[in-house]
*Asks:* 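Following this message is one structure expressed as structure tokens.
Throughout, protein chains are lettered first and strands after them, A, B, ... in sequence-line order, and every chain is numbered starting at 1. Keep in mind it's a predicted model, so treat the numbers as computed, not measured.
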Amino acid sequence: MSEAKAPSNFIRQIIDRDLAEGKNNGRVVTRFPPEPNGYLHIGHAKSICLNFGIAESYGGACHLRFDDTNPEKEEDEYIHSIKKDVEWLGFQWAGPVRFASDYFDQLYDLAVALIRKGLAYVDTQSPEQIAEMRGNFTTPGRNSPHRDRSVEENLALFADMRDNKFDEGAAVLRARIDMQSPNLNMRDPVLYRIRKKAHHQTGDKWVIYPMYDFTHPLSDALEGITHSLCTLEFEDHRPLYDWLVENVDLPDEPRQYEFARLNLNFTVTSKRRLKLLVDEGHVDGWDDPRLPTLSGLRRRGYTPAAIRHFCENLGVSRADSVIDMSILEASVRDDLNHNAPRAFCVLNPLKLVIENWPEDREEWLDAPVHPQNEDMGTRRMPLTREVYIDREDFREEANKKYKRLVLGDRVRLRYGYVIQAEDIVRDADGEIVEVRCSYDPDTLGKNPEPAEGQGKMRGVIHWVSADRGLPCEVRLYDRLFQTANPSKVAEGESFLDNINPESLRVLQGCVVEPGLRDAGPESRFQFEREGYFCVDRDSVDGRLVFNRTVGLRESWPREA
RNA sequence: UGGGGUAUAGCCAAGUUGGUAAGGCAGCGGGUUUUGAUCCCGUCAUUCCCAGGUUCGAGUCCUGGUACCCCAGCCA
């Protein structure tokens, strides 16, 4: 796969300009700040590629920082999976894994400093009162009766909050900004709230937890982040981000820039919805191959390179967009086409008996591992009297557009001999259970002489020895949802109603070439003429399970 | 309804002192091929949300509209 030089985008232009102006002493430091409350998905990959990609190409650094300010939703399991996914994509964060919770002490001190400046106060109104007083789009907010408490009183109250002297919800620390602001985020936003819940990192040390709006800009400043990249919905928060950076006494002044999040059609990328699909068992866990989670894509057979290439080709802009699933699929096809070893697998076996082939003869044929890349070497496959071909590759009769085996016509067994279908055997129900054929011994590696009375060579089909082939299971996936925008639902319906009932088709009794006996989970192959597949972790010794990553592009007329 | 944003091909997306519409995916036509794949070649916006205006010249500037997205958590 060609090394894509990261295309220009408005963020890189900002950085170029900053560098030209000598800002930040020439440093470029970004961060990827997931909340450990779910698994990473393809949308996060865009952010990861952007942040790490920028650090890489500017000789800067990118931090991995867990934005763990809400102990009610966060879990260790997510921390592990997120680290694994970032590494799997091929990125390495600078320095240690960081946590916003690492800064809880400093954050507390900064909050105290804000109180001292008269820029923050403890509000002991109820949540309902606070919401009511905040006003709405058309009505300005009204000042809290506690807005003008003395610094001393605020200091004491905030200490009481920390010291567990209040019930949950009984008090919050708020910034003292402007209740009249047309931007609701500036109407004295809550900075700290009380949550009597153990935290996965800090245990029960704290009963007060800082809000995202307070934590994020200050964590950025504390880490010396220069460019803090986030998605569009945080745009309205930027004035608050700037307010905090300005009013707090820290040397670095990070800047926030927003870009459009990635949306893919026919799937969902919201942690809430993904979690629901997992929790309600609509899918087989967070790594279900139908999910756009990174672990799901990995299990599906996607490569890190394919995902990175996909993200780099997307571009970065501020326009809302929905990318076609087909573009993601194209990226993995492109990668696997170049890099996946080839193999034969018959998905829907139909027995083919070569009548003029001796019973006990077993001929090991050479085949390239990759027809366009000799460096990948060769593989050997046994040809025996009885082989399996796909039912789709045989018809009693067909028009000339059909390039497979037809009764009376000839076809090549790929990397083997040319055969001619002579007869068929049916079972009691009239179903074809066997095709009898003859082979031409003079056609290995060369085309047959045109001869009288013989059918034409219609094409090439794959096959697997009936004696030597390995039985396996193949799982064919389709899009998880039937509608392009699953979240768009009629009154009273949920996105779950848009689930595609046929998103998974399990094929039993498939047969794969014997060379794959020891293939381990996540090894990827192109099953020639079928598509790209990878070994699923459900495989057990002696019985492989394959997931179809994506089919080959098919551009032939189906009416043939 | 107040605020903040965004509109360039079927889907993304470049376009930066106004100078005559990149690239990717998809599509279409042809060639090669022991994978109906790959690969190769060609083709694919007289027009940039709409309407006016400025200008020799506008996707880029001005004016006025329209559509869509985000915000009223003690979530992130």
*Asks:* Side chain of A:Leu552: nearest nucleotide among B:rU35, B:rC74, B:rA13?
*Replies:* B:rU35
*Asks:* Distance check needed: B:rA76 C1' versus A:Arg261 CZ, whole Å only.
*Replies:* 10 Å
*Asks:* Expressed as a whole number of Å, how far does the P atom of B:rA7 sit from that of B:rC41?
*Replies:*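 Here B:rA7 and B:rC41 have their P atoms 33 Å from each other.
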*Asks:* In Watson-Crick or G-U wobble terms, both distances under 3.5 Å, what is the partner of B:rU16?
*Replies:*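 None - no nucleotide pairs with B:rU16, as no candidate has both distances under 3.5 Å.
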*Asks:* Using atom C1' of each nucleotide, how far apart are B:rG4 and B:rA22 to the nearest Å?
*Replies:*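 Each nucleotide's C1' atom is 31 Å from the other's.
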*Asks:* So which one's nearest nucleotide on RNA chain B is more toward 5', A:Met211 or A:Ala330?
*Replies:*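 That would be A:Ala330.
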*Asks:* Taking B:rA26 as the reference, what is the distance to B:rG10 when you measure between their C1' atoms (whole Å, please)?
*Replies:*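 7 Å, rounded to whole Å.
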*Asks:* So, A:Asn447 versus A:Arg412: side-chain donor-acceptor pair below 3.5 Å or not?
*Replies:* yes
*Asks:* Can you see which heavy atom on A:Tyr402 is nearest to which on A:Phe394, and at what distance?
*Replies:*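 It is OH-N, 3.1 Å.
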*Asks:* With the 90 degree cut-off around zero defining syn, does B:rG73 come out syn or anti?
*Replies:*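 With its glycosidic angle within 90° of zero, B:rG73 counts as syn.
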*Asks:* What residues, two or more places apart in sequence or in another chain, satisfy ring-ring contact (aromatic ring centres under 6.0 Å, His included) together with A:Tyr439?
*Replies:* A:Trp357, A:Tyr417
*Asks:* Rounded to whole Å, how long is the line connecting atom CG of A:Leu240 with atom P of B:rA72?
*Replies:* 14 Å
*Asks:* By nearest atom, which of the nucleotides B:rA76, B:rG5, B:rC11 is closest to the A:His237 side chain?
*Replies:*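 So the side chain of A:His237 is nearest to B:rA76.
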*Asks:* Describe the nucleic acid contact of A:Gln180 in one word from base, sugar-phosphate, nothing, applying a heavy-atom distance below 4.0 Å.
*Replies:* nothing
*Asks:* Measure from NZ or CZ of A:Arg379 to the centre of the six-membered ring of A:Phe344, then state whether that distance is under 6.0 Å and the direction lies within 45° of the axis.
*Replies:*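 Yes, A:Arg379 and A:Phe344 form such a contact.
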*Asks:* Taking only N and O in the side chain of A:Arg553, is any of them less than 4.0 Å away from OP1 or OP2 of B:rG27?
*Replies:* yes
*Asks:* Which nucleotide in the list B:rA13, B:rU16, B:rU34 gets nearest to the side chain of A:Arg412?
*Replies:* B:rU34
*Asks:* So what does A:Thr139 touch, heavy atoms closer than 4.0 Å: a base, only the sugar-phosphate, or nothing?
*Replies:* nothing
*Asks:* Distance between the P atoms of B:rU17 and B:rC62, in whole angstroms?
*Replies:* 15 Å
*Asks:* Would you say A:Arg195 reaches B:rC75's phosphate, i.e. side-chain N/O to OP1/OP2 under 4.0 Å?
*Replies:*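 Yes, within the criterion.
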*Asks:* Checking the side chain of A:Asp409 only, and the main-chain atoms of A:Leu405 only, is there a donor and an acceptor separated by less than 3.5 Å?
*Replies:* no
*Asks:* Select base, sugar-phosphate, or nothing to describe what A:Pro371 touches, counting heavy atoms under 4.0 Å on all strands.
*Replies:* base
*Asks:* Report the distance from atom CG of A:Asn339 to atom P of B:rU38, rounded to the nearest whole Å.
*Replies:* 16 Å
*Asks:* When the distance from CZ of A:Arg238 to C1' of B:rC71 is rounded to whole Å, what number comes out?
*Replies:*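 To the nearest whole Å, that distance equals 14 Å.
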*Asks:* For nucleotides B:rC71 and B:rU54, find the distance between their P atoms and express it as a whole number of Å.
*Replies:* 42 Å
*Asks:* When we call it a touch if two heavy atoms are under 4.0 Å apart, what does A:Arg342 touch: a base, just sugar-phosphate, or nothing?
*Replies:*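 Answer is base: heavy atoms of A:Arg342 come under 4.0 Å of a base.
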*Asks:* Nearest whole angstrom, please: distance from the P of B:rC25 to the CG of A:Asp324.
*Replies:*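 It works out to 13 Å between those atoms.
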*Asks:* Taking the six-membered ring for Trp, is the centroid-to-centroid distance between A:His146 and A:Tyr121 below 6.0 Å?
*Replies:* no
*Asks:* Would you say A:Arg174 reaches B:rC74's phosphate, i.e. side-chain N/O to OP1/OP2 under 4.0 Å?
*Replies:* no
*Asks:* Let's see if you can work this out: which of B:rU38, B:rA37, B:rC25 has an atom nearest to the side-chain heavy atoms of A:Asn337?
*Replies:*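 Selected nucleotide (nearest to the side chain): B:rU38.
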*Asks:* Could you give the CD-to-C1' distance, from A:Glu329 to B:rC25, as a whole number of Å?
*Replies:*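 Spelled out: CD on A:Glu329 to C1' on B:rC25 is 11 Å.
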*Asks:* Any salt bridge between A:Lys73 and A:Glu35, counting N to O under 4.0 Å?
*Replies:*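 Looking at A:Lys73 and A:Glu35, the cut-off is not met.
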*Asks:* A:Arg318 side chain: which of B:rA76, B:rG5, B:rG36 is closest?
*Replies:*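 Per side-chain heavy atoms of A:Arg318, the pick is B:rG5.
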*Asks:* Taking a pair as Watson-Crick or G-U wobble with both distances under 3.5 Å, which nucleotide is matched to B:rG2?
*Replies:* B:rC71
*Asks:* If you measure from the ring centre of A:Phe137 to the centre of the six-membered ring in the base of B:rG3, is it under 5.5 Å, with the planes under 30° apart?
*Replies:* no
*Asks:* For A:Tyr212 and B:rA76, say yes or no: do the ring centres fall under 5.5 Å of each other while the ring planes differ by less than 30°?
*Replies:*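 No, aromatic ring not over the base.
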*Asks:* I need the CZ-P distance between A:Arg134 and B:rG2, as an integer number of Å.
*Replies:*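 Rounded to the whole Å, the gap is 20 Å.
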*Asks:* For B:rA76, take OP1 and OP2 only and decide whether either is under 4.0 Å from a side-chain N or O of A:Arg193.
*Replies:*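 For B:rA76, OP1/OP2 do have a side-chain N/O of A:Arg193 under 4.0 Å.
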*Asks:* Side chain of A:Ile327: nearest nucleotide among B:rG24, B:rC75, B:rA72?
*Replies:*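 Of the options given, the side chain of A:Ile327 lies nearest B:rG24.
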*Asks:* Can you name the ring-ring contact (aromatic ring centres under 6.0 Å, His included) partners of A:Phe234, sequence neighbours left out?
*Replies:* A:Tyr212, A:His237
*Asks:* For B:rA21 versus B:rU47, give the span between their C1' atoms, rounded off to a whole number of Å.
*Replies:*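 It comes out at 8 Å once rounded to the nearest Å.
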*Asks:* Let's see if you can work this out: which of B:rC70, B:rC25, B:rG73 has an atom nearest to the side-chain heavy atoms of A:Ala131?
*Replies:*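 For the A:Ala131 side chain, the nearest candidate turns out to be B:rG73.
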*Asks:* Round to the nearest Å and state the distance from A:Glu554 atom CD to B:rA37 atom P.
*Replies:* 9 Å
*Asks:* So, is A:Ser555 close to the B:rG36 phosphate, meaning a side-chain N or O under 4.0 Å from OP1 or OP2?
*Replies:* no
*Asks:* Under a 3.5 Å cut-off for both distances, is B:rC61 Watson-Crick or wobble paired, and to whom?
*Replies:* B:rG53
*Asks:* Nearest to the A:Gln372 side chain among B:rU35, B:rC71, B:rA13, which nucleotide is it?
*Replies:*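 That would be B:rU35.
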*Asks:* Base, sugar-phosphate or nothing for A:Phe234? Non-hydrogen atoms, less than 4.0 Å.
*Replies:*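 Counting heavy atoms under 4.0 Å across all strands, the contact made by A:Phe234 includes a base.
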*Asks:* Which whole number of Å gives the distance between the C1' atom of B:rC48 and that of B:rA13?
*Replies:* 13 Å
*Asks:* Does the separation of the ring centres of A:Phe533 and A:Phe527 fall below 6.0 angstrom?
*Replies:* yes
*Asks:* Does A:Ser181 have a side-chain nitrogen or oxygen under 4.0 Å from the phosphate oxygens OP1 or OP2 of B:rG3?
*Replies:* no
*Asks:* Using a cut-off of 4.0 Å on non-hydrogen atoms, how would the nucleic acid contact of A:Ile130 be classed: base, sugar-phosphate, or nothing?
*Replies:* base
*Asks:* Could you check whether the rings of A:Tyr108 and A:Phe158 sit parallel, tilted or perpendicular, using 30° and 60° as the cut-offs?
*Replies:* parallel
*Asks:* With heavy atoms under 4.0 Å as the rule, sort A:Gln526 into base, sugar-phosphate or nothing.
*Replies:*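 Base contact.
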*Asks:* Closest to the A:Val190 side chain: B:rA72, B:rG36, B:rC74?
*Replies:*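 Output: B:rC74.
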*Asks:* Does A:Ser326 place a side-chain N or O at less than 4.0 Å from the phosphate oxygens OP1/OP2 of B:rC11?
*Replies:*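 Answer is no, no contact under 4.0 Å.
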*Asks:* How far, in whole Å, is B:rC69 from B:rG36 if one measures between their C1' atoms?
*Replies:* 43 Å
*Asks:* Could you check which nucleotide pairs with B:rU66 in any of the strands shown, counting Watson-Crick or G-U wobble with both distances under 3.5 Å?
*Replies:* B:rA7
*Asks:* Return the 5'-most residue of the pair A:Gly135, A:Ala260 with respect to RNA chain B, ranking by each residue's nearest nucleotide.
*Replies:*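 Whichever sits nearer the 5' end wins; that is A:Ala260.
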*Asks:* Using a heavy-atom cut-off of 4.0 Å across all strands, would you classify A:Ser126 as base, sugar-phosphate, or nothing?
*Replies:*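 Base contact - A:Ser126 has a heavy atom under 4.0 Å of at least one base atom.
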*Asks:* For the side chain of A:Asp236, starting at C-beta, report the closest nucleotide among B:rG4, B:rU35, B:rA76.
*Replies:*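 So the nucleotide nearest the side chain must be B:rG4.
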